[in-house]
Amino acid sequence: MLAAVADSPGRLADVLTIRDVDGPAAPAAGEVVVRMLAATVNPSDEVSVSGAYGSRTSFPMVPGFEGVGVVEAVGPGVPGRALGRRVLPLGSAGNWQRYKRLGHSWCVPVPDDVSDDVACFAYINPLTATLMVDRFCGPGVREVVVTAAGSAIGRHLAELLTARGITPVGIVRGTSGRGVADASRWRAVIATNEPGWCERLRAAVGPRGADVTFDCVGGAVGGDAFALTAGDGAFVHYGLLSGTPLPAACFAGGGGARVELFRLRDTVQKDRGRHLPALFAPVFDNLRRGRLHTAVGPRIGLGELADHLKGPTTGRRPGKILIDPQR
């Protein structure tokens, strides 16, 4: 079968090749084989292939954490009704291939009224945003700051927060031609490339500071946002887009906000996936309501993926890549 393979760690565009590999063996007890219908590229794929998770990544590997497929074969102990069911095959990478063999408990059933194009993107950003808002934005939370507000997950956070009556303050890099998708969901959007941005943020959140800050940037920007989070507030750190860790002062205590390290993997991996259908129920409900959708950009066959990643980024359609693994 056709698969995208990274033989060694490195930059995704440099190490990925498309080639024929052996198809999956017959599923063992408790396993299924899923025929992939759609997949996509998420920053987590790039981080994994880079070798950043060296202790739990071995090469060669087939990347791809997000995607949707249909169960084509079941092993002993798997209910026969699973055959033909559309699912999100989670728990591991490997969605950039035509067929994926995995444990049935890692397959999240996709509702019939959620299309492949929508379900394909239901995992990393929507689930992360849903879990974080549910966990950290209970009654009493009013002032919320979101770094990387122009990102896909920044948009998701804004949607979920405004649905709760919270209008967040967004922080963006100020890159030319990029900004938030819907300015009406933000009380203020502050660009870090403009002089005095910290003072503008302080004015936006008030003298007490933010109740909650969601940060996926780290580095100096994360440190400055931490300093403007209330002493009894939560600084939720869930990514490192800057490639630079948070300043050590963020972890020193002494009356500052508490740092909450949110890792989606920790939640997903517990109980060997058996809790996943319940975890995804609010995500699918939001998708039905038109929330948490991801803009689809180019649609390409799996055989085109390596060349597409190596090609120029300028002039490409905005939105996420949608991969057809069967071509």
Side-chain angles (χ1 to χ4, degrees), residues 125-126 128-176 178-242 244-263 282 286 291-292:
N125 288 335
T128 297
T130 299
L131 292 172
M132 292 196 306
V133 169
D134 284 349
R135 187 174 303 179
F136 298 109
C137 295
V141 170
R142 304 307 306 164
E143 298 290 343
V144 177
V145 171
V146 178
T147 67
S151 65
I153 194 166
R155 295 194 299 273
H156 296 340
L157 287 167
E159 286 183 294
L160 296 174
L161 290 166
T162 53
R164 292 180 177 228
I166 301 170
T167 309
V169 175
I171 298 176
V172 297
R173 286 186 301 173
T175 305
S176 177
R178 297 195 64 181
V180 296
D182 185 350
S184 69
R185 297 189 184 277
W186 302 90
R187 183 149 47 87
V189 178
I190 298 168
T192 59
N193 65 339
E194 296 178 358
W197 76 268
C198 285
E199 287 72 20
R200 288 185 60 205
L201 179 59
R202 186 184 301 277
V205 298
R208 180 178 171 276
D211 298 313
V212 178
T213 296
F214 292 113
D215 173 59
C216 62
V217 175
V221 169
D224 288 337
F226 171 84
L228 295 174
T229 305
D232 58 352
F235 184 86
V236 184
H237 183 56
Y238 67 99
L240 203 62
L241 290 178
S242 69
T244 305
L246 287 169
C250 297
F251 303 93
R258 74 182 189 276
V259 177
E260 298 276 358
L261 301 178
F262 181 88
R263 299 182 180 91
N286 273 306
R291 301 177 186 145
L292 308 183

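Basis for what follows: all heavy atoms, side chains included, without hydrogens, waters or symmetry-related copies.
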Heavy-atom check, side chain of V169 versus side chain of V144, under 4.5 Å: no

Find the distance between CZ (R291) and CG (L160) and round it off to the nearest 0.5 Å. 7.0 Å

Got L240 and V217 here, is their nearest side-chain heavy-atom distance under 4.5 Å? no

Atom pair OG1 (T147) and CG (L241), whose distance is rounded to the nearest 0.5 Å: 7.5 Å

Test item: R164 side-chain N/O and C137 main-chain N/O as donor-acceptor pair under 3.5 Å: yes

Is there a side-chain contact between F235 and F214, using heavy atoms and a 4.5 Å cut-off? no

In the structure I gave you, are the side-chain heavy atoms of T130 and L292 within less than 4.5 Å of one another anywhere? yes

Which atoms form the tightest heavy-atom contact between I171 and A225, and what is the distance? CD1-CB, 4.3 Å

How about W197 and D224: do any of their side-chain heavy atoms sit closer than 4.5 Å? yes

Measure the CZ-CG distance between R187 and L161 for me, rounded to the nearest 0.5 Å. 11.5 Å

When rounded to the nearest 0.5 angstrom, what is the spacing between CD in E260 and CZ in F136? 4.5 Å

Determine whether V212 and V145 make a side-chain contact, defined as any pair of heavy atoms from C-beta on separated by less than 4.5 Å. no

Quick one: CG on L201 to OG1 on T229, what's the gap to the nearest 0.5 Å? 8.0 Å

Apply salt bridge (charged side-chain N to carboxylate O under 4.0 Å, His left out) to residues E143 and R208 and explain how you reach the verdict. CA-CA 10 Å; E143 298 290 343; R208 180 178 171 276; over 6 Å; no

Taking the side chain as every heavy atom from C-beta outward, state whether V180 and R155 have any atom pair closer than 4.5 Å. no

Expected output: side-chain T162 to main-chain G165 donor-acceptor under 3.5 Å: no

Indicate the atoms forming the closest heavy-atom contact of R200 with A191, along with that distance. NH1-N, 4.4 Å

Does one side chain, of T192 or R173, offer a donor that lies under 3.5 Å from an acceptor on the other? no

Under 3.5 Å, is there a donor-acceptor pair between the side chain of T128 and the main chain of N125? no

Please round to the nearest 0.5 Å and tell me the distance separating atom CG of D232 and atom CG of D211. 7.5 Å

Validation row: V236, D215 side chains within 4.5 angstrom (heavy atoms): no

Testing the basics here: between I190 and A204, what is the closest heavy-atom pair and its distance to 0.1 Å? CD1-CB, 4.4 Å

